[in-house]
Structure formats: C-alpha cells, structure tokens
Novice: 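Quick one: structure below, then a few questions.
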Amino acid sequence: MTTRRSFLSGAALIGAGMVTKAGAASLPEAPVQSSAATAPPLVPPNGRPYNPVVTLNGWTLPWRMKDGVKEFHLVAEPVVRELAPGMTANLWGYNGQSPGPTIEVVEGDRVRIFVTNKLPEHTSVHWHGQLLPNGMDGITGLTQPGIQPGKTFVYEFVARHAGTFMYHPHADEMAQMAMGMMGFWITHPKDPKQHAVERDFVFLLSAYDIEPGSYTPKINTMLDFNLWTFNSRAFPGIDPMVVRKNDRVRIRAGNLTMTNHPIHLHGHTFEVTGTDGGWVRPSARWPEVTTDVAVGQMRAIEFVADAPGDWAFHCHKSHHTMNAMGHNVPTMIGVDHTGVAEKINKLVPGYMVMGDKGGSMGDMQMPLPENTLPMMSGDGPFGGLEMGGMFTTVKVREGLARDDYKDPGWYRHPKGTVAYEWTGEVPPAPRAPGVPPSKPTETMNVKRDAKHHH
Amino acid sequence: MNCLHKLAGGASMALLLGGCASLSGDGGFGAAAGVSEQRTGLSASVAGRLPRNDDDARALAAVIDKKLGQPLAVDEAVHIALLNNRGLQASYWSLGIAEADLVQAGRLQNPVFDFKRSHGGGEVSIERTLTFNLLSLIMAPLAGRIEGRRYEQTKLLVSNEALKVAADTRRAWVEAVAANQSAEYAVQVEESAQASAELADRMRKAGNWSAMDVAREQAYHAQTVADVSAARKAAVAAREKLTRLMGLSGAQTAYKLPDHLPELPAAPQELGDIEQIAVNERLDIQAAKLDTAHTASTLGLTKTTRFINVLDLGVVSNSEGRTNARGYELSLEIPLFEWGSTRVARAEATYMQSVNLLAQAAINARSEARESYADYRASYELARHYRDHVVPLRKKLADETLLRYNGMLMSVFELLADAREQSAAVNGYIGALKDYWTAQANLEAALGGRLGDRQSTNKGVTP
Ligand SMILES: [Cu+2]
C-alpha cells in the first residue's frame with residue numbers, strides 16, 4: 001500500500017512541477033489537504049465579506065484575487081481518504097481529499113477556476129445549479145472536450161445567484177462519482193446580513209461499495225452499497241456538529257448517491273429554507289423533523305438550537321446508519337442453537353453464536369477482515385451506540401464562544417431528565433397469541449438489550 | 001564348499017561329480033532370503049529358516065504379536081508379510097524342491113530296492129528287485145551343472161517374489177492408512193453437513209426458513225451420510241487386502257494402523273540412470289539372463305559366432321522415444337551361435353525364444369523404471385503443491401470467512417460450507433500423499449530394491 005503520507009507528498013511534488021511548467025505567473029497555487037478532520041471556517045481574507053461555512057470533515061479552498069477575479073485551482077487526482085479511523089479508501093478527489101474542498105464565493109463575484117487533471121482518464125467539472133454560459137457547464141462532448149490527463153482547463157463565469165450548490169464531473173460520471181469526485185459550492189449573498197445564521201454546516205451525501213478487506217470502491221454497484229457517508233466519512237468517523245444554545249443553525253446537504261435520504265434531526269423542528277434552486281420564501285416553508293433529500297438535490301434546513309443536549313442527526317433509512325454488513329445473511333432471531341453451537345465450534349474453532357436474539361452484537365469485540373468498519377459501533381455515555389454510516393450528533397451547549405467548534409464531550413443531563421428503570425412490582429406481561437413460549441433467559445436478554453435499542 | 005555325500009561310496013566316485021552339491025538344510029531359504037533381506041532391509045525369517053513345526057510357529061507368532069502391539073508402521077507391515085505371507089512361504093518351499101533336485105542330480109542315483117506285493121484270486125505274490133543305474137554315474141556331472149543353474153534361477157525368482165510381496169504390502173499399507181484418513185474426512189464433512197441441516201431445521205421451527213431451504217440442507221446431509229458409508233467400505237477393503245498380504249488371521253487381524261500417512265519428505269530422491277539401475281538390480285532380469293545361459297548350456301551350444309546386445313534390441317524398438325536422446329551406455333550382451341545344418345531347428349528356436357524373453361524383460365524393466373520415476377517425481381510435486389499451496393490457502397480462506405462471519409457479512413451456513421471445502425482440500429492432500437507413497441513403492445519395485453540403499457552416483461556401471 002502506498003502510505004497516505006508518501007502518496008500526498010508525491011502528489012504535491014507533481015503539482016509543483018506542473019505549475020512551473022505552465023508558468024507560475026498565470027496559474028494559482030493548488031493547496032492540498034492531508035487531513036479528514038473538520039477544518040475551521042475560512043474567514044475571507046479579501047474580496048467581499050461573507051459568513052463562512054463549516055465543511056463537515058472537510059475544508060474550504062483558498063483563492064487568489066487577480067485583477068478583481070477570484071481564482072481557484074482544483075487538481076483532480078487519486079486520493080486516499082480515511083472513511084473512519086481504521087478504514088481508508090482509494091478514491092478519486094480534488095486537492096488531496098474526497099470530497100474536494102468547498103468553494104465559497106459571493107453573489108456577483110467573477111470566478112476563474114483552473115482544473116488540472118491528474119487522473120488516468122479525461123474529466124470535466126459541472127457546476128451543479130450555477131447559471132452560467134453554456135460553454136462553462138462542463139459536459140464532455142456537449143459543451144467542451146474532456147480535460148485529458150495532464151491538461152489544465154479554465155472555467156470562468158459570474159456567480160450570479162446566492163445559494164447552495166455542488167460540483168462534480170460530467171465525464172465518465174458513473175465511475176468518477178462512484179470514486180468520490182464531488183465538492184460543495186456556496187454562493188453567499190452580497191449582504192452578509194441576509195439569511196445570516198450563526199453556524200452553517202455543509203456536507204455531501206455519498207455512498208461506496210467497498211468489500212471488507214479491499215480499498216477501492218466497486219464502481220459498478222448501483223444500489224447495494226455498504227458504506228453510507230457524510231462527506232465520505234462514516235460514523236463513528238463523522239464529527240459532531242457543535243452549536244451554541246440559541247444559535248440559529250443552518251445545515252446544507254447535497255445528495256450524490258443513487259437513492260434518497262430522509263434526514264432526521266432529534267430534539268428540534270426545522271424548516272427547509274433552500275434548495276438548489278434558491279431560497280424558499282418564508283411563506284412557503286413548513287415545519288419538519290425529517291426532510292427527504294432526493295438524488296441530485298440540495299437542501300438547506302434551519303433551526304434555532306434551543307434545546308441543550310446531544311441530539312441524533314441521521315438518515316432515517318435504518319440500513320444507512322449501519323456500516324458494511326451482509327445483506328444476504330439469513331435472520332437467526334429465535335433460532336435455538338442448543339447442541340448445534342458446540343458441533344459447529346468443533347468444526348470451526350472461534351465460532352460464536354450471533355443473531356439468535358437479534359442483530360445487536362452488544363459489546364462483542366471480534367476480529368474483522370482488514371480495512372472495514374464494524375457494522376455498528378461508537379460508544380456513548382450509556383454504552384454502545386450501535387450506529388454507523390450516515391449518523392452524527394448535533395451538540396447544543398450553553399456558553400460556547402462564537403467560533404468554538406470543539407467537541408464539548410458528552411452532555412451532562414440535569415438530574416431527573418434521563419429515562420430510568422422501574423424497580424417496583426411488575427405483573428406478568430401478557431403474551432401475543434401464536435408466539436412460542438420463550439425460555440426465561442430470552443426474557444432476560446430482551447430486557448438487557450432494550451437498554452441499547454433505538 | 002564342503003562336499004559330503006552320505007551315500008557316495010568312495011573318493012573316486014566323488015571325483016566323478018562335476019558340481020559338488022549338498023542339501024543346505026534350509027531348503028535354499030537362506031540364500032534366497034539373503035537376497036531379499038539385502039533388497040528390503042528386513043529379515044525374512046525369525047530363526048534363519050522357514051517355520052516347520054509348532055515351536056517355529058509359536059516363535060513367529062510371538063514376533064508378529066509384538067509388532068502388532070502398537071500402530072503398525074509400513075516397514076513393520078512389510079516385515080510381517082515377509083515372515084508370514086503364505087504364498088511367499090510356498091515359493092520358499094519351491095526353492096527347497098529345486099535344491100533337492102540339484103542335490104539329487106549331483107548324487108549317484110540310489111540303488112533302488114523295489115518290493116511289490118499283490119493280491120489276486122486269494123493269492124499273495126511278492127516280487128523283489130534291486131536295480132542300480134549305471135548311466136546316471138556317467139551323466140551326473142552334466143546333470144549337476146544344469147540343475148545348478150536352474151537352482152540359481154529359482155533362487156532369483158523366489159527372491160523376486162519376496163520383493164513383490166514387499167512392494168504389494170507397502171502399497172496396501174499406504175492404501176489402508178489413506179482410506180482410514182479419507183473415511184475420517186468424510187465423517188468431518190458429514191458432521192458439518194449435519195450441523196447445517198440441524199440448524200436449518202431450527203430455522204424452520206423459528207419461522208425464518210422455508211421448507212425448500214431446509215430440504216436443500218437435509219438433502220446435502222443425506223448425501224454426506226452415503227459418502228461416509230462408501231468411504232468406510234473402501235477402508236475395510238483396503239485393510240483386508242493388507243491383512244491378506246501379511247498372512248494374518250484370528251486375533252491378529254485386530255491390529256492398529258497409524259492415524260496418518262507419513263509426511264512428505266523434504267525432497268524427493270534424485271536418481272541418475274534409473275534404467276541402468278533397473279537392468280543392474282532387477283532380479284527378474286538376472287533370472288532371465290540366467291535362463292538364457294542355462295538354455296544355451298542345456299543345448300550344448302558352445303560355439304559363439306557373435307554377440308548381440310539385448311538391450312540394443314530394446315533401444316531399436318523404442319527408437320522414437322526419449323531413450324536415445326538420453327544417450328547413456330547400457331549393455332547386456334549374449335552370444336549368438338552358428339547354427340549348423342546338423343543342428344535341430346528346435347534347439348535354435350528354444351534358444352532364440354529365451355533371448356527374446358530376456359530382451360523383452362530388459363525393455364519392460366527400462367520402461368517401468370522411466371515411468372515409475374517420472375510418476376514418483378510428479379507425485380511428489382503434486383503432494384507438495386497440496387501441502388504448500390492448496391491446504392494453506394484453504395486455511396486462509398477459512399480464517400477470512402470466520403472474520404466475515406464475525407462482521408455479520410456472511411452467515412453461519414457459509415462458514416460451515418467453507419469448513420467442508422477446507423476438509424476437501426485436506427482430503428486432496430491425503431490423496432496426493434497416498435499417490436506419492438504408492439509411487440515410491442512402485443519405483444522401488446521397478447528398480448529392484450529400496451530407494452534408501454542407493455545414491456544418485458551410480459552412473460557408468462554396466463552389467
Ligand atoms: Cu439514507
């Protein structure tokens with residue numbers, strides 16, 4: 001395996017050489033990010049002022065002002081992305097990461113983007129949702145030739161309307177998007193006070209099919225993915241969204257997977273305030289706790305974080321909050337293993353009975369194939385979280401600084417505000433008709449498991 | 001040799017005899033056993049002679065019982081066969097017959113006292129004659145020479161018989177041990193299938209599986225039960241074959257075999273001129289050679305006109321094969337005679353028949369040597385491939401499958417199916433190992449002795 005470090009330094013060297021060749025005077029620098037951690041918001045050093053966003057487990061691309069034009073340099077290249085601690089993936093991305101860096105501009109900005117192709121095949125960039133000259137739309141064959149390996153193309157247009165957008169290839173897109181080619185684009189309003197929020201998080205929904213023990217996504221998979229991610233990170237690798245109590249919070253998500261994702265926030269109601277088409281008029285908004293982000297769509301939701309705590313935030317398709325799992329494993333619930341388990345253990349040393357009481361593996365720690373993630377993991381203050389994939393938390397705390405995004409740790413619940421066990425007399429529970437009588441141990445296990453369950 | 005003739009009348013009579021011969025007292029067994037002991041590395045008798053009486057039988061049984069007290073190693077099995085195979089004993093006794101003939105031929109024929117008593121019509125008549133064969137007195141030297149060669153030939157053939165029994169026993173032992181191992185493997189597969197079927201039944205009871213899913217698992221299990229029966233049948237047949245070769249019966253048939261075949265040696269034997277070894281060492285060739293000489297002598301052929309190389313005959317008839325290309329020298333020459341018009345055609349035919357039999361024996365020996373050596377080397381490579389690649393990779397697959405089961409990526413049924421695949425790989429290795437040890441026994445038989453006795457530095461030796 002190429003280590004991440006050597007790979008990145010190699011890429012950086014290639015980039016530098018390329019810049020010299022093309023003439024450093026005309027081509028802006030292409031910064032490279034080596035970390036999958038959430039970078040702090042990039043306060044604009046020049047140009048029109050705006051309220052920067054926080055890219056969840058990502059970063060914002062610095063630019064250069066040249067004759068009043070914002071110049072960016074994207075390098076399309078193979079990258080090694082950490083999907084979560086313990087698992088890396090061979091992806092294609094931009095400037096060292098997948099997804100690529102977020103591009104932030106202001107309504108009315110003239111933008112010039114240099115795109116250098118370090119991939120083994122041609123590519124292009126489509127600026128999803130932008131209103132631009134047809135020849136800048138980035139569709140190979142239709143509006144431009146493909147950017148061949150080693151070549152650099154320039155896209156130039158005016159960011160005409162404020163909103164939430166993304167960028168991705170429109171060249172061999174089935175392969176290139178399955179390999180992680182995507183990035184976020186924010187056009188801020190001219191007036192920073194318009195639609196102003198205290199915290200503005202952005203991420204893309206993407207899915208990969210990476211066989212446990214391997215590193216490269218199976219790009220021909222259409223629906224049966226095994227890794228569901230926010231910005232190419234799977235829980236427990238996704239950072240929490242930390243907000244100050246009573247902050248107005250915006251979360252913007254774009255969907256580049258091949259299915260829809262009903263995104264659900266606990267503890268608050270929110271409104272969908274934006275789509276890829278622009279801002280939703282206040283009179284057209286309605287309250288939600290779940291909003292479906294369909295394929296190819298962008299959604300901006302807003303809420304006032306008035307409830308302190310650690311609030312779950314996740315896709316509501318339950319398989320999407322799991323990591324790699326076998327979709328053809330038969331259901332073992334209720335299957336009596338007495339006697340058979342010993343026989344199997346004799347034939348397969350190391351075998352343990354699993355699934356006979358449900359899918360939960362409790363606190364079992366068993367060795368897995370290399371480079372994969374447990375189907376469900378993550379620890380909370382009350383035990384195993386049993387989550388993976390598209391799951392994280394919104395951590396609402398009092399008294400944080402305006403620019404403080406640091407994980408504050410687990411929420412400390414005021415006394416009397418946590419569910420508790422009833423210890424008094426319990427009458428025998430009525431049993432549903434037709435269900436075979438269970439053994440006493442099963443009853444006990446159901447009780448114990450109930451603590452962990454959603 | 002000390003010539004003592006109990007019945008020879010005097011010194012002058014003794015001088016008339018060309019060959020001096022006497023009964024060895026063990027029916028020539030010692031001489032034949034010596035050859036087979038040298039080739040097999042195992043003694044052919046308990047007391048240096050063939051068992052003749054109850055004491056001998058008891059001594060033999062004691063020796064065999066001691067060997068049967070523990071799991072029977074292959075050399076022990078071969079030794080028991082050499083000591084106890086009744087067919088081989090019969091061959092040894094045929095040697096006794098040949099020896100008796102030889103001694104008889106070298107002796108003056110006993111004076112015959114004939115006593116004849118007959119009843120007829122109430123009368124009893126008694127006739128007595130005493131005859132003394134004078135002709136035998138003249139013919140004795142020639143007869144002695146002829147019988148001497150016949151005896152030598154018999155000795156070689158009997159020794160060869162012993163080698164054959166040794167090789168058969170070696171092969172039968174390998175077969176029997178491997179068959180046991182395979183039967184055990186079949187049981188393992190059956191147990192795995194049984195666990196699958198049982199679990200399938202529980203799945204059905206819990207409402208998680210259809211009748212079809214259960215039937216599929218149970219049908220597979222039923223098949224594996226049949227496979228166990230077939231494997232056990234084969235194991236019994238292989239064991240009985242070995243039992244017969246060792247000449248065992250009664251309580252002795254309860255012997256134990258080791259659980260496993262011996263492991264593959266670090267490297268196969270590197271042999272140089274295997275064809276030369278076969279021609280040099282094989283007793284059947286030596287016997288055929290002796291037969292040719294014996295025929296010539298019997299026919300009184302003394303005038304040689306030229307020599308022909310019987311191995312050349314072999315080469316000519318095999319000129320398309322690889323033999324020519326190998327280019328080492330082999331010679332086994334025998335004389336051809338000038339057949340005068342006065343000679344009878346029958347004599348020529350008899351001699352040429354024996355020449356051709358010898359030539360064919362040499363061709364067969366060389367071909368068998370080539371074939372068995374090639375098979376031996378290929379069997380080694382195959383067994384090594386199983387040991388070094390197939391089995392470890394199957395193990396790796398089993399480990400990886402378990403990891404995937406742990407991650408709930410695969411089901412317990414896949415885990416069990418993989419356990420069966422792993423058993424199949426191990427069984428493949430058992431088969432390959434069996435083939436290797438069988439090939440080794442075949443090679444030894446084709447070369448006329450144990451491989452361990454020989455180094456690869458046997459080039460340049462011609463018979
Ligand atoms: Cu989803």
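So that the names make sense, note that chain A is the first sequence line, chain B the second, and so on, each numbered from 1. Just so you know, these numbers come straight off a predicted model, no measurement behind them. FYI, side chains are in, hydrogens and waters are out, and symmetry mates aren't considered; it's all heavy atoms of this structure.
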Novice: Are F391(A) and F313(A) close enough that their ring centers fall under 6.0 Å?
Specialist: no

Novice: Please tell me whether F413(B) and W209(B) form a close aromatic pair, meaning their ring centres lie under 6.0 Å apart.
Specialist: yes

Novice: Is a side-chain donor or acceptor of K434(B) paired with a backbone partner of A179(B) at a separation under 3.5 angstrom?
Specialist: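 No, because the side chain of K434(B) does not come within donor-acceptor range (under 3.5 Å) of the backbone of A179(B).
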
Novice: Who wins among P330(A), G355(A), P349(A) for the most heavy-atom pairs under 4.5 Å with chain B?
Specialist: P330(A)

Novice: Exactly one of P78(A), P217(A), S98(A) should register a side chain to side chain contact (heavy atoms under 4.5 Å, CB included) with W92(A). Which one does?
Specialist: P78(A)

Novice: Which residue in the set D239(A), T229(A), T392(A) passes side chain to side chain donor-acceptor pair (under 3.5 Å) when paired with N57(A)?
Specialist: D239(A)

Novice: Taking P268(B)'s backbone N and O only, do any of them form a donor-acceptor pair with Y376(B)'s side chain (distance below 3.5 Å, no angle check)?
Specialist: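 No; zero donor-acceptor contacts below 3.5 Å.
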
Novice: Chain A heavy atoms under 4.5 Å from L402(B): which part of the residue, side chain, backbone, both or neither?
Specialist: side chain

Novice: Can we say E263(B) and R387(B) salt-bridge, meaning some charged N sits less than 4.0 Å from an Asp/Glu carboxylate O?
Specialist: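 Salt bridge: no.
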
Novice: Please list, in residue-number order, every residue in residues 220-246 of chain B that has a heavy atom less than 4.5 Å from any heavy atom of chain A; write 'none' if there are none.
Specialist: none

Novice: Which bit of H327(A) is near chain B, if near means a heavy-atom gap under 4.5 Å: side chain, backbone, both or neither?
Specialist: neither

Novice: Just give me the residue among E400(B), Q194(B), R404(B) that pairs up with chain A most often, heavy atom to heavy atom, under 4.5 Å.
Specialist: R404(B)

Novice: With a 6.0 Å cut-off on ring centres, are Y429(B) and Y386(B) close enough?
Specialist: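 Ring centres of Y386(B) and Y429(B) not closer than 6.0 Å.
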
Novice: For residues H261(A) and W228(A), establish whether the separation of their ring centroids is below 6.0 Å.
Specialist: yes

Novice: Please classify the contact of M203(B) with chain A as side chain, backbone, both or neither, using a heavy-atom distance under 4.5 Å.
Specialist: both

Novice: With chain A, which of E198(B), R202(B), Q422(B) has the greatest number of heavy-atom pairs at distances under 4.5 Å?
Specialist: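 Ranked by contacts with chain A, first place is R202(B).
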
